[in-house]
Structures are given as C-alpha cells and as structure tokens.
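What's counted below: heavy atoms across the whole structure, side chains too, no hydrogens, waters or symmetry copies. Chain naming here is simple, since letters A, B, ... match the order of the sequence lines and numbering starts at 1 in each.
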Amino acid sequence: MEPAELARSMLGWYDKHRRVLPWRALPGKTADPYRVWLSEIMLQQTTVATVGPYFEEFLRRWPTTTDLAAADLDAVLHAWAGLGYYARARNLHKCAKTVAEQHGGVFPDNEEQLRQLPGIGAYTAAAVAAIAFDRRATVLDGNVERVMSRLFAVEEPLPSVKPKLRALADTITPERRPGDYAQAVMDLGATVCIPRRPRCGQCPWHDACAARAAGIAETLPRKAAKAEKPIRRGMAFWLINPEGSVLLRRRPESGLLGGMIEVPSSDWLERAAPGLGAVQEQAPVEAAWRMLPGQVRHTFTHFHLELGLAAARFGPKDGDGWKRAEGIWVPVDRLSEHAIPTVMRKVVRHALGSV
DNA sequence: CACACGTGGAT
DNA sequence: TATCCAAGTGT
C-alpha cells in the first residue's frame with residue numbers, strides 16, 4: 001500500500017475513534033502548546049490514567065508557561081510527587097523558565113528549537129511540533145515503534161533497530177494533518193496494536209500489515225533481554241522528637257529521587273539486611289533505637305529495595321540529643337505538605353501502622 | 001551504546 | 001508473586 005494511502009486510512013480511523021483527553025484540542029481547534037508540552041512530559045513512560053489527575057492539578061495551579069516559570073521548584077516537586085522520574089519535574093521547571101525568559105513565554109514552533117529545551121528529547125520535540133503546531137514531524141515513541149515493527153515485519157531487536165523504524169515511520173508521515181496523524185498512530189498503538197493480543201480485526205492497516213500476514217504480530221517488536229534486577233537492602237530511621245515531629249531530609253539534587261524528601265536511611269546495598277551495626281554507624285543520632293517488625297518493599301526501574309525500619313522517640317525527659325540530628329522536623333499530620341516520593345510514603349505508612 | 005531513572009496497572 | 005510495560009531523556 002502506498003504511504004499516502006496508509007496515512008489516509010489512519011486519519012480516517014482517527015476521525016472515527018478519537019479519544020477525548022484533557023490536553024487534546026477539540027476537532028478543528030488549535031491545541032495549547034503549553035498543555036501539549038506539559039502532557040507530553042508527564043506521559044513519558046507513564047500511563048494516561050496515571051497522568052490525568054496530575055495534569056488537571058498542574059493546570060489549575062499553573063495555567064500558563066509563565067505561571068509555572070514563576071513557581072517555586074519545591075512546589076513543583078511537591079505537585080509531581082508520586083509520578084516518578086523526578087528529573088522530569090526539575091527539567092519541566094527549568095524549561096518553563098527558559099521559555100519565559102528566552103522566548104517571551106511562547107514555545108518555539110519547530111522541532112529544532114524545541115529539542116534545545118531541557119527535558120525535551122527527540123520524541124517530545126516532534127510531538128509538540130506536530131500536535132501543537134501541526135508541523136510535519138515524525139514521532140517515534142514505544143507505540144509507533146511497535147506499530148512500525150509490525151506493519152513492516154521488522155524482526156531485528158530494539159533498541160538497535162530504532163533508526164530503521166524511524167525511517168519507516170517517516171515515509172508514512174503526511175504533509176497534511178501531521179498532528180492528527182501523530183496522535184492517531186499513538187492511539188492505535190495504545191488501543192489496537194497493543195503489546196499482547198493485538199486487536200488486528202479493528203486495525204485500519206489490517207490488510208497492509210506484514211506481521212499479521214505472517215502470523216507474527218504479537219511477537220513484535222523484538223527486544224534485547226533485560227538485565228536482572230538486584231535486591232538492595234537498607235535501614236530507615238523513624239525518629240520522633242518531643243513535639244511529635246518526625247525527622248526528614250532532602251535528597252541530593254541529582255540521582256535517584258533527586259531533590260525529594262525522604263525518611264533518613266542507611267546506604268542501600270546489595271548484601272544481607274543491615275542489623276544493629278547499621279544503626280550504630282548510620283543512624284542520624286544516638287538513641288534508643290528499636291526495630292519495627294516487617295519491612296518495606298519497593299521496586300525501582302533497575303533494582304528491588306527492602307527497607308527495614310528502626311524507630312526511636314524522644315520524650316520530654318529524654319534530653320535534647322535529638323537536636324543534633326540533621327534534617328527537617330515535620331509534624332506527622334503535615335507530611336502531605338512535602339515532596340515525598342512513593343517509596344518514602346510506604347515507609348511512613350509502615351511506621352505509623354506500627355505504632 | 002548502555003545505563004540510570006519511578007510508579008502503578010495488567011497479565 | 002513475578003514480569004512486563006507505558007506518549008523517553010540525560011549522561
């Protein structure tokens with residue numbers, strides 16, 4: 001089938017099955033670049049269902065690029081808490097400031113300039129150019145990779161085959177309605193050409209699909225084997241002062257959970273669970289630490305974490321040793337006011353449940 | 001190119 | 001329970 005015909009049938013399918021999403025313009029309307037950009041950043045490696053409430057909250061608090069640029073970084077991190085990949089939130093804020101200061105608060109309308117902005121890579125630059133400005137740009141996300149690998153029965157594994165998939169995708173991207181086309185292929189990948197049990201009977205490219213014809217659609221795209229996730233273990237320290245506040249800390253700005261608030265803990269290492277030795281060496285202060293039963297489990301992208309919990313409480317008669325602890329003291333009923341990632345919310349829930 | 005970087009839902 | 005995977009980017 002000709003590329004033009006493929007694009008036409010895809011757009012026809014999209015006109016019939018277009019989903020209503022908070023960041024999406026109504027048919028024939030112009031999309032707001034700020035919303036498109038914000039949604040694209042949030043949707044990186046994150047599902048539509050998860051993003052929904054966060055998108056609404058961000059838009060309510062910061063309706064425009066310049067509003068977001070004027071916000072405190074900590075407020076942005078707090079609003080982002082739970083979404084994951086926290087570098088996105090830092091880059092989001094940095095990007096808003098750059099657009100406000102260097103572009104008059106208006107997003108550039110082309111791929112090349114968008115690509116220069118923090119947090120905007122090849123995919124997002126193409127997506128914003130296409131969706132917000134209706135520029136011809138080839139978006140290549142996980143959906144498009146899957147659709148292309150099946151349409152052309154590409155059997156070489158990702159990620160090395162990615163340039164080939166991009167070239168194939170580029171041959172179909174139309175000059176007219178490139179924004180709708182980009183969303184159409186991604187929607188197709190999200191609802192029809194899905195990873196398992198693809199619904200080929202509903203696909204506008206059913207007759208053109210080489211993988212379907214060969215009976216191998218569900219096996220594509222092929223992917224290189226992933227490394228096994230190691231288990232790291234550590235000990236978290238739940239410390240309460242005489243005022244009933246708990247000790248928290250802010251993590252370093254870069255790396256895992258960068259800039260987020262945490263319950264202090266020992267190092268997380270790939271060896272046996274730390275015992276009282278870790279308490280002696282890495283606890284924030286000397287105290288009458290006692291081990292709480294059970295542990296907190298959490299899985300990150302590249303490792304499993306098992307966290308034991310040691311707790312101590314300073315009462316009015318226990319001296320002021322607690323004052324030597326480094327960090328911030330937060331009343332337990334005001335924890336929600338801080339940028340606490342999910343793993344640390346699990347720690348908090350476990351500690352409060354053990355009281 | 002390979003790896004670091006979160007989380008929750010589906011199977 | 002274990003594994004996969006989702007509208008990727010930065011280093």
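Among the nucleotides B:dT11, B:dG8, B:dC5, the one closest to the side chain of A:Thr301 is B:dC5. Across C:dC4, C:dG10, B:dC5, the shortest atom-to-atom separation from the side chain of A:Arg196 is found for C:dC4. Among C:dA6, C:dC5, B:dG6, the nucleotide with an atom closest to any side-chain atom of A:Leu257 is B:dG6.
Residue contacts for A:Leu83: at a heavy-atom cut-off of 4.0 Å it reaches a base atom on one of the strands shown. Heavy atoms of A:Arg251 sit nowhere under 4.0 angstrom from any nucleic acid atom. Among the heavy atoms of the strands, none lies under 4.0 Å from A:Gly258. Heavy atoms of A:Leu92 sit nowhere under 4.0 angstrom from any nucleic acid atom. When heavy atoms are screened at a 4.0 angstrom cut-off, A:Ser39 is found touching no nucleic acid atom at all. Looking at heavy-atom distances under 4.0 Å, A:Val343 makes contact with sugar-phosphate atoms alone, never a base. Across all strands, A:Gly255 comes closer than 4.0 Å only to sugar-phosphate atoms, never to a base (heavy-atom distances). As judged by a 4.0 angstrom heavy-atom cut-off over every strand, A:Arg24 is placed among the base-contacting residues. Across all strands, A:Ala122 comes closer than 4.0 Å only to sugar-phosphate atoms, never to a base (heavy-atom distances).
A distance of about 14 Å separates the P atoms of C:dT11 and B:dG6, rounded to the whole Å.
Judged by the 6.0 Å distance and 45° axis criteria, A:Arg251 is positioned over the aromatic ring of A:Trp268.
The residue among A:His302 and A:Ser160 whose nearest nucleotide of DNA chain B lies closer to the 5′ end is A:Ser160. Positionally, the nearest nucleotide of DNA chain C for A:Val48 lies more toward the 5' end than for the other of A:Arg115 and A:Val48. Both A:Gly82 and A:Ala227 sit near DNA chain B, but only A:Ala227 has its closest nucleotide nearer the 5' end. Mapping A:Gln183 and A:Pro118 onto DNA chain C by nearest heavy atom places A:Gln183 at the nucleotide closer to the 5' end.
For A:Tyr86, a side-chain nitrogen or oxygen approaches OP1 or OP2 of B:dT7 to under 4.0 Å. Taking only side-chain nitrogens and oxygens, A:His298 never comes nearer than 4.0 Å to OP1 or OP2 of B:dG6. Distances shown here put a side-chain N or O of A:Thr124 below 4.0 Å from the OP1 or OP2 atom of C:dT9.
The interatomic distance linking A:Leu117 (CG) with C:dT9 (C1') rounds to 13 Å, in whole Å. Distance, A:Phe303 CZ to B:dT7 P: 10 Å, rounded to whole Å. Atom-to-atom, CH2 of A:Trp268 to P of B:dC5 comes out at 10 Å; the value is rounded to the nearest Å. One atom, CD of A:Gln45, and another, P of C:dT9, lie 9 Å apart when rounded to the nearest Å. If you take CG of A:Leu158 and P of B:dC3, they are 16 Å apart, rounded to a whole angstrom. One interatomic measurement links the two molecules: CD1 of A:Ile231 to C1' of C:dT1, which rounds to 13 Å at whole-angstrom precision. When the P atom of C:dA6 is taken as reference, atom CD of A:Glu40 falls 16 Å away, rounded to whole Å. The distance from atom NZ of A:Lys226 to atom C1' of C:dT3 is 9 Å, rounded to the nearest whole Å.
For A:Thr50 against B:dG8, a side-chain-to-base donor-acceptor contact under 3.5 Å is absent. No N or O donor and acceptor, one from the side chain of A:Tyr123 and one from the base of C:dG8, sit under 3.5 Å apart. Between the base of B:dG8 and the side chain of A:Thr46 there is no donor-acceptor pair shorter than 3.5 Å.
For A:Asn241 (side chain) and A:Gly244 (main-chain N/O), a donor-acceptor pair under 3.5 Å exists by modelled atom type. A donor-acceptor pair is defined here as one N or O able to donate and one able to accept, closer than 3.5 Å; no such pair exists between the side chain of A:Gln202 and the backbone of A:Val192. Within the 3.5 Å criterion, the main-chain N or O of A:His304 finds no donor-acceptor partner in the side chain of A:His298. When atom types are taken as modelled, the side chain of A:Arg250 and the backbone of A:Gly259 share a donor-acceptor pair closer than 3.5 angstrom.
Contacts of residues 9-17 of chain A with DNA chain B (heavy atom under 4.0 Å): none.
For the pair A:His350/A:Gln295, no side-chain contact is recorded, criterion being any heavy-atom separation below 4.5 Å from C-beta on.
Both A:Val144 and A:Met1 sit in one connected hydrophobic cluster of ILVMFWY residues. Membership requires side-chain heavy atoms under 4.5 Å apart, directly or through other members.
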**Asked** Is there a side chain to side chain donor-acceptor pair (under 3.5 Å) between A:Arg24 and A:Gln183 once you walk through the steps?
**Response** CA-CA 10 Å; A:Arg24 193 169 272 184; A:Gln183 293 173 89; 2.8 Å; yes

**Message:** Test ring pair (Phe, Tyr, Trp, His ring centres under 6.0 Å) on A:Phe107 and A:Trp37; report intermediate values, then the result.
**Reply:** CA-CA 9 Å; A:Phe107 272 88; A:Trp37 162 73; 4.9 Å; yes

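Between A:Phe58 and A:Phe55, the ring centre distance reaches or exceeds 6.0 Å.
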